[in-house]
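Before any comments, here is the structure.
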Number of protein chains: 2
Amino acid sequence: MTRAPARPLPCDPVPCDPMPCSANCPMARFCLAGRLMRAGHAAAGDDARQRTVRLRKGQSLYLLGDAVTALYAIRVGTVKTHVTTEDGRTQVVGFHFPGDMVGLDSLARTQYASYATALEDTKLCVIPVQALHAATASTPALGNQLFLVLDRQAQRARALQTMLALMTAEERLVTFLLWLADGFAARGFSSSEFILRMSREEIGSYIGLTLETVIASSRGSTTAD
Amino acid sequence: MTRAPARPLPCDPVPCDPMPCSANCPMARFCLAGRLMRAGHAAAGDDARQRTVRLRKGQSLYLLGDAVTALYAIRVGTVKTHVTTEDGRTQVVGFHFPGDMVGLDSLARTQYASYATALEDTKLCVIPVQALHAATASTPALGNQLFLVLDRQAQRARALQTMLALMTAEERLVTFLLWLADGFAARGFSSSEFILRMSREEIGSYIGLTLETVIASSRGSTTAD
DNA sequence: CGGGCTCTTGACATGGTTCAACACCGGTGG
DNA sequence: CCACCGGTGTTGAACCATGTCAAGAGCCCG
């Protein structure tokens, strides 16, 4: 179980900035935003040209409290969303991979409810909320798609709740790794071998353990990393 | 800190079955379903006549896997939603009080994703999903309201996640009781004195502790029950 | 080559669970 | 009315999983 090297740039950085999302995005087949936009394709006319954003490892996409101006869809890279408690402790609330949307948890709000930070060099499509609103207004099917996407997030949140409430350290880690494996498999990557873009500490924060316990549990688990 | 007696019937069982929700429901001021329906009032004409359901303590509103035919709004009483793991352990995923909606977590699904069980004698309004769909289709504002309600659920889920991940037993219990107090205050009841309708075991399940630890932590906490 | 990361490991402390016993209360039947 | 019974709540003791602390290894980067 090895960590990612410092700045790997695992995917080719396709230069596709001012292009329709579905044209040449490597994640087009799996991209939720793509499904959203195709559901209402041409609803916004050739307004479908996407702006993109690049982040280097460690850079923030938005901060907690920032005005919500856009959602984002990951093209390449990995993003974590996280919050802090009043006493300074930090808590990772989600990991996001190519094809995932970032910022959904703040869609109903005026200010972002979390921080979003790149775990590696990352490129994202920008989906201005006003454009999204206009598109959903003109295309009901798009709203349904969005609704399903939100439901998936809620499902995952419930699964996490039961995991945190009644699983042991090793069960949590195994479950987490299986989730990752499923996610990679769904994107067409190997589910039996992959690189962890997040640190042990970030994993531990997400599943409610210290980094030392994450390591100890990974020792106990089969090496079927 | 005392538990509820066996069958208290704390609220008067108003016989209001075939009446518009807002007419005589004691929770009208706080009812999410009421807000939903008023947002689209007369959208469905006098179809607004509500069917209601009564449950006695321990009875189920629906079972995991049942076909999703309706949402419910609590008039009087308390409901828990819960799931079970493959190895038989049970996990409370939510408590629901007068004015709350029950079944929202399954709204995007064809089968309920949890069990819903009454913690005391309870009366609910029935909101058929097809009626809800019709109403949202004809009244966009209603969809927005629903969207906000779903977001509130998601917020609570995130708060629970951080609670389970990084709070101690006593912190969890205190937080849980404060949530209850806030909820009662928002409904116009006393926030400093109230009856726990759920057992220690159910509380423990919800906040990831055993019933013994719930007791031990409640001893430690101030008696500001 | 040195500095600062993350990762790893082991010893130790401790919060929470487990287990067992008992108190309390309401309901039920004699 | 009383005795019994089951469910829930309470308590304490022993155990164990996990957190805490400290030290060192490996690696990337300047």
Side-chain angles (χ1 to χ4, degrees), chain A residues 1-10 56-58 78 80 85 87-92 117 119-121 163-177 195-221 223 225, chain B residues 1-10 56-58 78 80 87-92 117-121 163-177 195-221 223 225:
Chain A
M1 194 146 97
T2 48
R3 182 92 196 298
R7 169 91 37 78
L9 272 181
R56 311 201 49 173
K57 180 177 181 176
T78 314
K80 70 171 176 181
T85 59
D87 58 343
R89 290 177 291 188
T90 183
Q91 159 74 16
V92 175
T117 305
L119 295 177
E120 58 180 325
D121 288 19
M163 176 171 102
L164 291 172
L166 41 77
M167 282 189 182
T168 67
E170 192 167 334
E171 288 174 321
R172 293 184 203 186
L173 184 62
V174 170
T175 303
F176 173 74
L177 291 174
I195 295 177
L196 296 175
R197 294 274 146 58
M198 67 289 294
S199 71
R200 314 292 165 176
E201 185 164 20
E202 288 162 337
I203 295 174
S205 173
Y206 185 63
I207 64 178
L209 301 172
T210 62
L211 76 166
E212 294 97 327
T213 305
V214 171
I215 293 166
S217 301
S218 72
R219 235 182 311 163
S221 308
T223 61
D225 213 10
Chain B
M1 194 145 100
T2 49
R3 183 92 196 299
R7 169 92 36 79
L9 271 182
R56 313 204 45 176
K57 179 177 179 176
T78 315
K80 69 170 176 182
D87 58 344
R89 289 177 291 188
T90 184
Q91 160 73 14
V92 174
T117 304
L119 294 177
E120 59 179 325
D121 289 19
M163 176 171 102
L164 291 172
L166 42 75
M167 282 189 182
T168 68
E170 192 167 334
E171 287 173 322
R172 293 185 204 187
L173 184 63
V174 170
T175 303
F176 173 74
L177 292 174
I195 296 178
L196 295 175
R197 293 272 146 62
M198 66 289 293
S199 71
R200 312 294 150 134
E201 185 165 18
E202 287 162 338
I203 295 174
S205 173
Y206 186 64
I207 63 178
L209 300 172
T210 62
L211 74 168
E212 295 97 327
T213 306
V214 170
I215 293 167
S217 301
S218 72
R219 235 184 311 164
S221 309
T223 61
D225 210 15

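Below, chains carry the letters A, B, ... as their sequence lines are ordered, and counting in each starts from 1.
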Check: A/V214 main-chain N/O paired with A/R200 side-chain donor or acceptor under 3.5 Å = no
Closest nucleotide of DNA chain D for B/E201 versus for A/T213: which of these residues is on the 5' side?
-> B/E201
Let me know the distance between [atom1] of [X] and [atom2] of [N], rounded to the nearest Å.
| X | N | atom1 | atom2 | value |
| --- | --- | --- | --- | --- |
| B/M167 | C/dG15 | CE | P | 17 Å |
| B/L166 | D/dT18 | CG | C1' | 15 Å |
| B/M198 | D/dT8 | CE | P | 14 Å |
| B/L209 | D/dA17 | CG | P | 18 Å |
| A/L211 | D/dG19 | CG | P | 10 Å |
| A/I215 | D/dT20 | CD1 | C1' | 14 Å |
| B/L119 | D/dG7 | CG | C1' | 16 Å |
| A/R197 | C/dT6 | CZ | P | 17 Å |

Working to the nearest 0.5 angstrom, can you tell me the gap between [X] [atom1] and [Y] [atom2]?
| X | Y | atom1 | atom2 | answer |
| --- | --- | --- | --- | --- |
| B/Y206 | B/I203 | OH | CD1 | 11.5 Å |
| A/R197 | A/E202 | CZ | CD | 13.0 Å |
| A/S205 | B/L166 | OG | CG | 6.5 Å |
| B/K80 | B/M198 | NZ | CE | 10.0 Å |

Could you tell me whether A/G204 contacts a base, only the sugar-phosphate backbone, or nothing, with contacts defined as non-hydrogen atoms closer than 4.0 Å?
-> nothing
Using the test side chain to side chain donor-acceptor pair (under 3.5 Å), find all partners of [X] that sit at least two apart in sequence or belong to another chain.
| X | value |
| --- | --- |
| A/T78 | A/E120 |
| A/T117 | A/H82 |
| B/E201 | none |

Compare side-chain N and O positions of A/R172 against OP1 and OP2 of D/dT18 and report whether any pair is under 4.0 Å apart.
-> no
OP1, OP2 of D/dT11 versus side-chain N and O of B/R200: anything below 4.0 Å?
->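 For B/R200, the contact criterion (side-chain N or O under 4.0 Å from OP1 or OP2 of D/dT11) is not met.
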Would you tabulate the nitrogen or oxygen pairs shorter than 3.5 Å linking the protein to nucleotides 21-24 of chain D?
residue: D/dC21; atom: N4; partner: A/E212; partner atom: OE2; Å: 3.1

Quantify the bending of the helix from C/dC1-D/dG30 to C/dG30-D/dC1 as the angle between its end axes, each fitted on five pairs, to 10°.
-> 30°
Contacts of A/A169 meeting side chain to side chain contact (heavy atoms under 4.5 Å, CB included) (sequence neighbours excluded), chain-then-number -> A/L209, A/T213, A/S217
What nucleotide among D/dT20, D/dT18, D/dT11 has an atom nearest to a side-chain atom of B/R219?
-> D/dT11
